[in-house]
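Below: the structure, in structure tokens.
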Amino acid sequence: MVRIKRIEVKNFKSFKDLKVDLGKFNLIIGANASGKSNFVSIFKFLKDIATLGLDNAISLQGGIEYLRNMSIGASEPLSVKIVCESEQPPTVPRFFKTDADLININVYETIYEFVLGFNRKGSEFMIIKDELRQKCRFSMLKSLREKSEEIKILGDGEIVISRRGEKIKVGLNLPEKVPLKKEHILPLFLQEGKLSEHELLMETKYFSIPVIGKISIYDFDPKLSKEAVPITGKAELDEDGSNLSIILKNILENKESRRKLFNLVKDLLPFVEDVDVEKFADKSLLFKLKESYFKAQYLPASFISDGTINIIALIIALYFEKKPFIIIEEPERNIHPSLISRVVEMMKDASKTQKKQIIVTTHNPEFVKYAGLENILLVSRDKDGFSRISRPADKEEIKTFLKNNIGIEELYLQNLLEV
């Protein structure tokens, strides 16, 4: 599993200079207009760059003037830095055949950074830094017919792929005994390739952090899930949940997936007897469910409560979607407070068993109560109006309050987490 360990941004929306470490499960809280949505925008911006390109990603944020901080403007560059770590060796090791040896490279940390500068008028931008650093452990292997056996650890080193003007440059900082050359890492025809004026490494085959392009930011709208959808829709859950019926159809067609889904739904919604999908003559789909209160017939989606739909969409996002990094915005909407603790536990479980990195934004004190102090990130504004992110768990005053049996949710309600 590759996870995002740290995010650093400068001159990005309401942030002047942000550095924040992320865990497997992260709860983002803060007052209205504190900067929670701007924090989520960092990940949307990164995903859009990787999938749509830099120019489109900037346009989707409203343009340069809305992407950078309005107070700072063009006077300082905008920068984004991502630090990723591998929690275990890759399933498929990277082997490189040299003249005499077979070298294995295990990448355990990847650092990617880009910096955008602005002209005096501030209406145009240029890429002034674009660099990918991989910290690696090198070992020598001996080929044994169909498999390879590691025979010697050669040490740690670093591979750097960077932009210099329009050209791609490769730099190697290797242990003395590693006989690798630049062309082993990147073939000469790729090294001679050129990048366009507004093209980042993140958009190209040189980039090696696949998690960035697989970010999903869920903000479910149960009203959309209540409408019939064409059978020809996407096979992955839309971020607003509008194609929920298609996803349910695909899950229910597999016996094991159906059993797993029903067990998870039953754990949170014990009154649900069955879930199914109906196909209409116009080749559209609409899901339905049977409740213990009315066992004789199914209820169509239009008659199902918003909270029930939200929970089913959450379960699918957590346990059936393949995305390794997900953000869920205000999942407590339409869900009864008595279920919040179990929803939080389900999210924590999914972060471990499904190997997902999860960020949740919320205003709900029940989420704060059950999330665990170590998982909470507080977004607030400083005296100059810049957003900042802190960990209440690091503050001695908060620890003192908790020792005196004042709950973390009570401190949140009374705005005492910012002390």
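You'll find the side chain of I128 reaches within 4.5 Å of the side chain of P77, heavy atoms only. No side-chain heavy atom of I217 sits less than 4.5 Å from a side-chain heavy atom of K323. Between E158 and L174, the closest side-chain pair of non-hydrogen atoms is not below 4.5 Å. Side-chain contact between I326 and I359 is absent, with no heavy-atom pair separated by less than 4.5 Å. Considering only heavy atoms from C-beta on, L132 stays 4.5 Å or farther from I159 through its side chain. The shortest distance between side-chain heavy atoms of L373 and P392 falls below 4.5 Å. No side-chain heavy atom of D219 sits under 4.5 Å from any side-chain heavy atom of E330.
With 3.5 Å as the limit, one finds a donor-acceptor pair spanning the side chains of R164 and S162. R133 and T110 are not linked by any side-chain donor-acceptor pair at a separation below 3.5 angstrom, with hydrogens and angles left out of the test. Side-chain polar atoms of T362 and N364 form no donor-acceptor pair below 3.5 angstrom. For Y218 and D238, the side-chain atoms include no donor-acceptor pair closer than 3.5 Å.
Between Y298 and F294, the distance from one ring center to the other does not fall under 6.0 angstrom. Taking the six-membered ring for Trp and the full ring otherwise, F15 and F386 have centroids separated by 6.0 Å or more.
A salt bridge does not link D382 with R388: every distance from a Lys NZ or Arg NE/NH1/NH2 to an Asp or Glu carboxylate oxygen is 4.0 Å or more. Salt bridge absent: E273 and K290 never bring a charged side-chain N and a carboxylate O closer than 4.0 Å. Salt bridge K129/E113: present, at least one basic N to carboxylate O contact under 4.0 Å. A salt bridge does not link E410 with K369: every distance from a Lys NZ or Arg NE/NH1/NH2 to an Asp or Glu carboxylate oxygen is 4.0 Å or more. Ion pairing of D276 with K249 is absent here, as no side-chain N (NZ or NE/NH1/NH2) approaches a carboxylate O to less than 4.0 Å. With salt bridges taken as basic N to acidic carboxylate O contacts below 4.0 Å, none links K260 and E256.
For R3 and F325, the positive end is not near the middle of the six-membered ring at less than 6.0 Å and at most 45° from its axis. Cation-pi geometry between R68 and F12 is not met: the NZ or CZ atom fails to fall both under 6.0 Å from the ring centre and inside 45° of the normal.
Annotation: the span from L286 atom CG to S302 atom OG amounts to 6.5 Å, rounded to 0.5 Å. Taken from CZ in F39 to CG in L18, the straight-line distance is 6.5 Å, to the nearest 0.5 Å.
Considering V344, N375, I408 as possible partners of Y370, the one that fulfils the side chain to side chain contact (heavy atoms under 4.5 Å, CB included) test is V344.
With sequence neighbours excluded, no residue satisfies side chain to side chain donor-acceptor pair (under 3.5 Å) with K266. For the side chain to side chain donor-acceptor pair (under 3.5 Å) test, no residue two or more places apart in sequence or in another chain qualifies with S292.
A side-chain donor-acceptor contact under 3.5 Å links K226 to the backbone of I304.
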inquiry  = One pair to check against salt bridge (charged side-chain N to carboxylate O under 4.0 Å, His left out): R6 and D21. What are the steps and the verdict?
reply    = CA-CA 4 Å; R6 183 183 307 121; D21 292 331; 2.8 Å; yes

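Residue pairs meeting the salt bridge (charged side-chain N to carboxylate O under 4.0 Å, His left out) criterion with at least one partner in residues 33-49, sequence neighbours excluded, are K44-D48, K47-E239.
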